[in-house]
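What's counted below: heavy atoms across the whole structure, side chains too, no hydrogens, waters or symmetry copies. Below, chain A is the first sequence line, B the second, and so on; all start at residue 1. Remember, predicted model here, so these are calculated numbers, not experimental data.
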Amino acid sequence: MDDSVFRNEVQAFLTESLTPEMKQAGELMTSVFADFDVAMDWHKVLYHKGWIAPDWPQEYGGTGWTLNQRYIFQEECKLANAPAVFALGLQMLGPMLIHYGTQEQKDFYLPRILSGEDSWCQGYSEPGAGSDLASLITAAVRDGNDYIINGSKIWTSYAQHSNKIFCLVRTSKEGRPQAGISFILVDMDSTGLSVEPIVGLDGTVEQCQVFFDDVRVPAVNLVGVENQGWDVAKYLLEFERGGHNYAIDHKKQMAKINRQANSQYSSGNTLWKDNKVFAAKFADVAVDALALEFTELRVKGAFEAGGNAGALSSLTKVMGTEIGQRFNELSLEMMGEHAFVQQLDALLPGCEVEPIGPSCGLTTMAEYINNRAATIYGGSAEIQRDIIAKRVLHL
Amino acid sequence: MDDSVFRNEVQAFLTESLTPEMKQAGELMTSVFADFDVAMDWHKVLYHKGWIAPDWPQEYGGTGWTLNQRYIFQEECKLANAPAVFALGLQMLGPMLIHYGTQEQKDFYLPRILSGEDSWCQGYSEPGAGSDLASLITAAVRDGNDYIINGSKIWTSYAQHSNKIFCLVRTSKEGRPQAGISFILVDMDSTGLSVEPIVGLDGTVEQCQVFFDDVRVPAVNLVGVENQGWDVAKYLLEFERGGHNYAIDHKKQMAKINRQANSQYSSGNTLWKDNKVFAAKFADVAVDALALEFTELRVKGAFEAGGNAGALSSLTKVMGTEIGQRFNELSLEMMGEHAFVQQLDALLPGCEVEPIGPSCGLTTMAEYINNRAATIYGGSAEIQRDIIAKRVLHL
Amino acid sequence: MFIEYSEEQSMLRDSADRYLRDNYSFESRQAAIKEVRGFSADHWQTFADLGWLAMTFPEEYGGFGGGALETMILCEQFGKYLVREPYLESVVLVGGLIEAGADRALKEKYLSGLIAGELQGALAYLEEGSVADPTRVQATAEHSNNGFAISGKKTVVLNGPEADFFVVSARVGGKKESARDGISLFVIRKDAPGLSCNNYITYDGRSACELQLHKVAVDKESLVGDLGNAAAIAGPVFSHGIVAVCAEALGAMDALLAATIDYTKQRKQFGQSISAFQVLRHRMVDMYMEIELTRSLLMATAWKLDNAAPDADQCVAALKAKMGKAGRYVSHNAMQLHGGIGTTDEFSVGHYFKRLAAIGVMFGSRDSHLSRYSKLSV
Amino acid sequence: MFIEYSEEQSMLRDSADRYLRDNYSFESRQAAIKEVRGFSADHWQTFADLGWLAMTFPEEYGGFGGGALETMILCEQFGKYLVREPYLESVVLVGGLIEAGADRALKEKYLSGLIAGELQGALAYLEEGSVADPTRVQATAEHSNNGFAISGKKTVVLNGPEADFFVVSARVGGKKESARDGISLFVIRKDAPGLSCNNYITYDGRSACELQLHKVAVDKESLVGDLGNAAAIAGPVFSHGIVAVCAEALGAMDALLAATIDYTKQRKQFGQSISAFQVLRHRMVDMYMEIELTRSLLMATAWKLDNAAPDADQCVAALKAKMGKAGRYVSHNAMQLHGGIGTTDEFSVGHYFKRLAAIGVMFGSRDSHLSRYSKLSV
């Protein structure tokens with residue numbers, strides 16, 4: 001199918017299927033996460049359409065689209081303000097189970113991920129193990145047909161909304177730190193498991209700490225081989241890095257900035273769009289965003305040609321997040337004091353609260369604050385540069 | 001004396017004493033060095049006036065001026081386009097001899113530095129020992145009443161114009177690398193000493209490599225204690241860092257940029273001075289330069305109050321050089337292709353050669369190129385940051 | 001020129017530091033934010049008792065006759081301890097305007113109350129669509145019998161919910177909505193008929209409101225400054241305000257750098273303190289350098305304002321521009337080097353971050369001050 | 001879309017790489033610069049023999065019908081080996097203009113000579129006071145019997161000293177010296193009466209001249225493009241020129257990064273390779289990222305030009321802006337990481353540095369292209 005025909009088809013579907021509330025939820029996103037409940041409604045719409053897992057192999061429920069089509073789909077969803085689907089199950093656990101899971105695990109979990117029956121969160125980081133994951137200490141000790149888990153996981157996104165968690169746990173203290181780690185699946189309603197919300201700087205809760213106090217998990221929940229969870233985790237991390245199209249995020253950011261620049265005034269009663277200094281700064285970032293967009297296409301091209309685009313994936317993570325942050329800064333400069341208003345109830349989709357101040361600035365400060373984490377999570381900007389130095393430049 | 005009265009006095013002296021050729025030599029400087037011969041003429045004028053060594057104690061030939069007066073003197077000289085006096089003897093060796101030298105050394109060398117009879121160059125760096133001076137290997141071996149020196153020194157500025165060189169040499173291989181280094185004075189016309197010019201990227205020679213092949217030097221030329229030359233060198237390096245007023249250089253750069261911005265056009269037939277984007281970039285650097293100027297005043301204030309301003313000295317070196325480089329970049333952007341002209345003979349004071357292209361751009365490219373070295377010599381920007389991390393932030 | 005503090009100034013700094021260290025812990029601040037909107041009346045009363053609120057007012061009205069240097073000294077400590085009490089809004093801005101422009105009766109009426117900590121003021125000058133441009137005024141003051149009737153809408157009135165009275169800008173002449181001339185300032189009591197507030201909190205833990213004015217009647221004596229010439233008094237007061245927020249930013253940046261040094265020394269990764277990583281060390285050095293450059297500019301600017309130096313305005317513009325860059329660099333990197341913990345509400349780093357984000361755009365963005373610096377430099 | 005080279009394109013790249021690696025060492029280049037101004041006739045003849053000079057011309061004039069992608073492939077290699085031969089000046093710009101605008105007779109007269117390596121051309125369009133603005137033209141072309149008389153002064157005519165003929169811009173109408181309309185281009189032989197050159201060398205090892213024209217007579221057939229409408233043909237040719245210099249810059253940046261990696265691995269300080277210092281490692285990573293972003297933009301832009309994509313012009317502006325930033329970052333840091341040795345004439349690093357400095361301002365500064373990008377994006 002011609003790409004433009006496909007794009008039309010996607011647009012038609014979006015026009016028809018996205019409710020005002022869903023679009024509002026997309027518009028009001030202040031981080032990579034949308035309102036959980038509305039996003040889940042959207043998840044179900046996509047599920048029924050058969051479009052929930054474009055990145056999966058078709059035999060497991062994927063769409064069979066080309067890379068280009070998947071990109072178009074993502075782009076159109078984002079620009080139509082579809083709320084982001086909470087995607088750890090779809091984007092991380094699913095591909096991993098397809099690669100490492102037993103037939104039973106695939107048969108049981110994959111359909112539940114597709115339908116939205118299970119929402120998965122991720123238990124990797126620990127208070128003492130952030131970028132240095134290999135030093136994790138949360139331990140799973142074998143006891144008959146179970147493991148007993150003790151310890152805690154932190155920075156677990158939307159744990160409060162999830163019914164399952166996939167975890168890295170220590171099953172052995174021998175050998176290199178990486179050698180004794182296993183990958184395991186846990187029910188959130190297990191006895192001894194508790195969730196403590198972490199309030200973010202914008203006043204909302206997206207992250208949690210998860211505590212394990214003698215949590216008993218059946219041994220069949222292990223994925224892959226015991227003590228070889230590190231390979232599973234690495235597979236997932238690479239998937240996480242390569243999978244995101246930052247250029248699409250940037251387009252949404254630029255569209256928003258253009259709306260602001262067409263309604264707000266800088267000093268001297270000049271619309272921001274006519275402020276030459278601002279225009280130069282905006283163009284500077286926009287040019288980097290354009291260069292990154294073409295780089296993402298190169299990555300995709302290399303991937304499609306069967307090559308490994310690993311190196312460029314670290315690059316797109318670093319540049320993608322840093323460019324996004326620069327857009328946030330421009331937006332804050334433009335909204336000025338109007339971005340000070342903290343009105344959390346006006347950020348909930350479906351709310352009846354009248355926003356105070358210009359509506360185009362409602363999310364500005366929260367986005368600016370929340371997006372600082374983009375260069376921290378998923379391998380900090382410093383770690384990514386270390387990786388590039390070592391693996392690409394062989395330094 | 002009131003500072004403004006003093007300033008008037010300095011200005012009157014400069015108006016009266018600077019010949020057109022001297023001012024031309026100042027105007028045509030493309031690095032920290034001026035044409036040697038013309039600068040030496042100016043040296044002699046200052047010597048006869050008694051103003052050649054404002055930083056020295058009065059008893060040794062200094063002027064007795066306050067720190068503020070010395071600053072005013074430097075500023076007025078620079079803004080009047082006086083050529084820079086070749087100052088390694090005055091600024092580095094002199095203070096060091098006053099501190100560490102024997103009475104005989106002081107009596108003999110200091111007057112000759114003041115009069116300009118001796119021109120001193122500096123033998124510190126070696127091909128294998130740049131920022132890591134302690135690893136130098138040029139050796140001085142005692143032989144009766146002499147030392148015999150073998151090895152080579154590099155980045156020796158104006159060695160081709162100097163009749164003396166002060167060197168760090170290895171006199172012992174025992175203990176820590178720093179422990180076996182001595183400080184010694186050498187005649188440039190010694191047998192076995194040879195000078196090889198290093199052509200710079202602008203096509204001129206400012207640096208040399210100096211070779212020592214069994215060079216015999218009287219043992220009385222040692223300064224300080226044998227094997228304790230490291231302390232002498234450190235004293236000098238700190239003097240070098242603290243002694244420079246970058247804010248004055250920046251003022252000269254800004255004046256030049258303003259002249260360019262008032263005569264050259266950016267696209268759309270706009271004078272550069274009316275180009276808002278350029279103005280914003282220029283102001284950005286100018287603000288940093290202003291902040292640095294006040295920081296240099298703080299350093300001076302702390303120094304006058306008897307405190308140690310060591311930390312801020314590394315800061316002023318890093319920021320002073322980096323700000324200077326940013327001005328060079330702006331200047332190059334403004335002159336564009338007109339800066340391509342390489343016309344070395346037009347850069348010689350007193351030449352009769354008509355410059356090609358706008359005269360305000362004659363030095364632009366050479367300044368841009370040459371000033372890149374400012375963050376390399378005298379302790380690179382990276383080394384300075386290491387120093388600040390360690391000594392100031394205690395990291 | 002401006003290097004040494006006088007003995008009184010050193011005492012002021014030390015006493016502020018001591019009081020806040022003992023009584024204004026981060027934990028107590030956060031608890032207070034949850035309890036009461038805007039600020040703590042107890043702290044404010046103590047500030048008054050310690051004489052801080054009187055510091056910059058003339059002696060004839062009960063003040064101590066200090067200037068920008070005293071403001072700088074106090075606000076630097078406020079920044080260091082994340083003080084959220086409205087010293088800027090009530091004392092520097094509203095107090096400053098009344099002192100500069102009100103007639104004697106109005107001064108006597110309000111200044112003593114401000115100094116005693118009994119009255120709170122708020123400045124209402126920002127309007128919709130504009131960023132920190134005090135000349136973009138659409139609110140109007142129409143002459144009516146024996147005074148004026150004021151109508152319009154003001155956004156982002158900091159400290160508005162706690163204020164007993166407002167100083168409001170309105171246009172008495174000049175058709176253009178962004179003309180510099182024709183703007184006046186008026187004192188309006190919170191309970192004036194026709195005035196209504198839409199209160200909210202701000203991301204940096206303070207309070208503000210939108211102010212609606214519908215034919216609010218004020219008498220002639222409520223005029224602050226000459227009719228139609230608010231700029232004459234607002235300019236110097238805003239300069240003073242910029243010194244205040246930049247000093248606050250400096251204190252915040254000092255606190256962030258200290259916290260970052262501590263944290264990176266303690267935090268272990270890959271078997272060593274992360275402060276051992278050269279990239280992080282140099283990042284902290286760059287933070288340090290940005291802070292010191294800002295400090296120099298701040299000290300010089302405060303001194304120049306107090307001594308009416310000819311280049312004082314230029315320095316004010318330079319200072320705000322420099323602070324914008326430094327504040328962003330320092331706060332971003334403090335958060336980056338803290339990693340996840342810095343993004344949480346329970347840790348102080350993010351709250352300094354948010355305050356620096358706010359200060360960065362207050363009184364105009366970095367670019368607008370660079371542009372002003374250019375114009376003043378010609 | 002633009003990822004894969006065709007077989008022919010891969011061959012072109014490989015053959016250029018191989019020839020230059022074997023015959024264009026840095027040492028031989030430096031020796032040649034000392035011997036002969038401008039460029040080496042032997043190399044140029046070989047370029048012609050290898051078909052490089054014919055690559056982008058139409059087949060009917062003896063070319064191979066290639067486009068921006070072929071220019072990109074060649075120029076990237078030229079940049080990598082610091083080739084100073086005037087491919088840009090003579091082939092891309094002058095050849096491109098003649099092909100785009102000259103009548104058939106003129107094309108036949110000049111294109112075959114350019115392709116054969118027998119003729120050299122130079123574009124004379126820059127004038128005093130202006131930076132890379134081709135519309136700032138004060139030179140005039142007055143109608144005279146059967147043709148034009150051209151007068152004026154052109155600065156920075158690259159390759160001018162070696163040129164057999166010039167393409168000169170002059171104003172035939174429009175009073176304003178910076179109007180876009182009213183500019184024409186003319187072919188003028190070097191030996192035309194009234195033309196004089198003031199030759200000089202440039203910092204990046206090439207030659208250039210100032211051109212004085214005093215009532216230089218040209219016939220009507222010397223006109224390139226429509227009268228008064230040089231912009232119509234110059235625009236696309238300059239876009240092609242920007243691809244050429246940016247490809248050259250990319251090759252130079254690749255070479256600088258490779259040299260820097262090598263050097264920092266070999267150079268020991270404080271008992272270890274300086275490549276072990278994390279700050280230097282990350283600096284090289286940032287160089288790498290700037291290079292890769294530029295590469296993506298370059299490939300996309302060349303592809304879009306060849307395919308007449310609607311956003312091609314926008315990409316050209318983005319490319320030149322990005323290259324300006326990347327070139328500066330990479331060259332500055334290559335020199336910084338090499339330390340003293342990088343600042344000397346005998347080492348290649350500084351020569352790449354100088355070439356990147358030149359390319360950075362050619363065809364307009366980074367800011368002018370950002371501004372163009374903004375306008376085209378609306």
Side-chain angles (χ1 to χ4, degrees), chain B residues 125 127-132 134-135 154-155 177 198-205 207 263-272 275 277-278 281 325 329 332-344 354 356-358 365-366 368-370 372-373 375-377 380-383 385-386, chain D residues 126 128-136 155-156 158 176-178 198 200-206 208-210 267-271 274 277 279-280 283 324 328 331-332 335-346 350-351 353-354 357-358 360-362 364-368 370-372:
Chain B
S125 293
S131 291
D132 179 18
S135 65
I154 199 167
W155 316 125
I198 298 173
V199 181
L201 282 171
D202 64 344
T204 70
V205 175
Q207 308 297 321
S263 67
Q264 302 293 305
Y265 290 81
S266 66
S267 35
N269 211 30
T270 316
L271 273 176
W272 276 104
N275 177 319
V277 175
F278 181 81
K281 287 165 63 173
Q325 292 175 339
E329 293 171 29
L332 177 59
E333 281 174 32
M334 202 166 17
M335 295 313 300
E337 278 105 332
H338 297 299
F340 290 5
V341 187
Q342 184 178 28
Q343 207 186 0
L344 295 183
E354 183 75 11
I356 298 173
M365 184 66 89
Y368 170 71
I369 296 168
N370 291 338
R372 297 310 308 175
T375 46
I376 296 172
Y377 63 67
S380 73
E382 290 78 16
I383 295 282
R385 285 182 168 87
D386 281 339
Chain D
L126 290 171
E128 266 180 2
S130 131
V131 172
D133 182 358
T135 66
R136 188 179 165 84
T155 59
V156 202
L158 297 171
K176 274 183 62 189
E177 69 186 28
S178 69
N198 192 4
Y200 57 90
I201 56 168
T202 62
Y203 277 101
D204 57 351
R206 288 146 194 255
C209 70
E210 268 191 353
R267 174 75 174 175
K268 300 270 189 299
Q269 232 165 33
F270 305 105
I274 62 173
F277 290 104
V279 161
L280 305 195
R283 207 80 63 83
R328 203 179 265 180
S331 64
H332 287 184
M335 191 181 279
Q336 182 73 21
L337 268 58
H338 273 85
I341 193 81
T343 69
T344 65
D345 184 69
E346 65 177 324
H351 296 273
F353 177 97
K354 291 197 287 186
V361 296
M362 278 171 76
S365 72
R366 180 173 153 58
D367 289 340
S368 69
L370 286 179
S371 153
R372 197 157 151 252

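- For the atom pair OH of D/Y200 and CD1 of B/I356, the computed distance is 6.5 Å after rounding to the nearest 0.5 Å.
- Side-chain atoms of D/D345 do not come within 3.5 Å of backbone N or O of B/L201 as any donor-acceptor pair.
- Heavy atoms of D/R366 lying under 4.5 Å from chain B are absent altogether.
- At least one side-chain heavy atom of D/T344 sits under 4.5 Å from a side-chain heavy atom of B/W155.
- Between B/Y265 and D/E128 the shortest side-chain heavy-atom distance does not fall below 4.5 Å.
- If you measure heavy-atom distances from D/I201 to chain B, the contacts under 4.5 Å come from both the backbone and the side chain.
- For the residue pair B/T375 and D/Q336, a side-chain donor N or O sits within less than 3.5 Å of a side-chain acceptor on the partner.
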Any chance you could lay out the side chain to side chain contact (heavy atoms under 4.5 Å, CB included) test for D/D367 and B/E333, step after step, and finish with the verdict?
CA-CA 9 Å; D/D367 289 340; B/E333 281 174 32; 3.7 Å; yes

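- Of the listed residues (D/M335, D/R328, D/H338), the one with the most heavy-atom contacts under 4.5 Å to chain B is D/R328.
- Residue B/P177: no heavy atom, backbone or side chain, is found under 4.5 Å from chain D.
- Separation of atoms CD1 (B/I198) and CD1 (D/I341) is listed at 7.5 Å; rounding is to 0.5 Å.
- Checking side-chain atoms of D/E210 against main-chain N and O of B/G357 turns up a donor-acceptor pair under 3.5 Å.
- Of the atoms belonging to D/A358, heavy atoms from both backbone and side chain fall under 4.5 Å from chain B.
- Chain D forms the most heavy-atom pairs under 4.5 Å with one residue out of B/Q343, B/M335, B/Q325, B/R372, and that residue is B/R372.
- Minimum heavy-atom separation, D/R267 to B/P127: NH1-O, 2.7 Å.
- The two residues B/A366 and D/Y203 have their closest heavy-atom pair at CB-OH, 3.6 Å.
- Annotation: the span from B/E354 atom CD to D/N198 atom CG amounts to 9.0 Å, rounded to 0.5 Å.
- Interface remark: B/A134 contributes no atoms to any contact with chain D (heavy atom separation under 4.5 Å).
- Proximity to chain D (any heavy atom under 4.5 Å) is shown, for B/E329, by both the backbone and the side chain.
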Set out, in order, the CA-CA distance, both residues' side-chain angles and the distance that settles side chain to side chain contact (heavy atoms under 4.5 Å, CB included) for D/F270 and B/I383, then state yes or no.
CA-CA 11 Å; D/F270 305 105; B/I383 295 282; 3.9 Å; yes

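- Within the 4.5 angstrom heavy-atom criterion, no atom of D/L370 approaches chain B.
- Interatomic distance, OG1 of D/T202 versus CD of B/E337, reported as 11.5 Å (0.5 Å rounding).
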Show your reasoning for whether ring-ring contact (aromatic ring centres under 6.0 Å, His included) applies to B/Y368 and D/F353.
CA-CA 11 Å; B/Y368 170 71; D/F353 177 97; 5.4 Å; yes

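- Of all the listed residues (D/S368, D/G340, D/S365, D/S371), the one sharing the greatest number of non-hydrogen pairs under 4.5 Å with chain B is D/G340.
- Rounded to the nearest 0.5 angstrom, D/Q269 CD and B/S135 OG are separated by 7.0 Å.
- Taking all atoms of both residues into account, the shortest heavy-atom contact from D/V361 to B/L332 is CG1-O, 3.8 Å.
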Applying side chain to side chain contact (heavy atoms under 4.5 Å, CB included) to D/T343 and B/Q207, what does each step give before you reach the verdict?
CA-CA 10 Å; D/T343 69; B/Q207 308 297 321; 6.0 Å; no

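- Contacts between B/D202 and chain D at a heavy-atom distance below 4.5 Å involve backbone atoms as well as side-chain atoms.
- The CD atom of B/E382 sits 10.5 Å away from the CZ atom of D/F277 when rounded to the nearest 0.5 Å.
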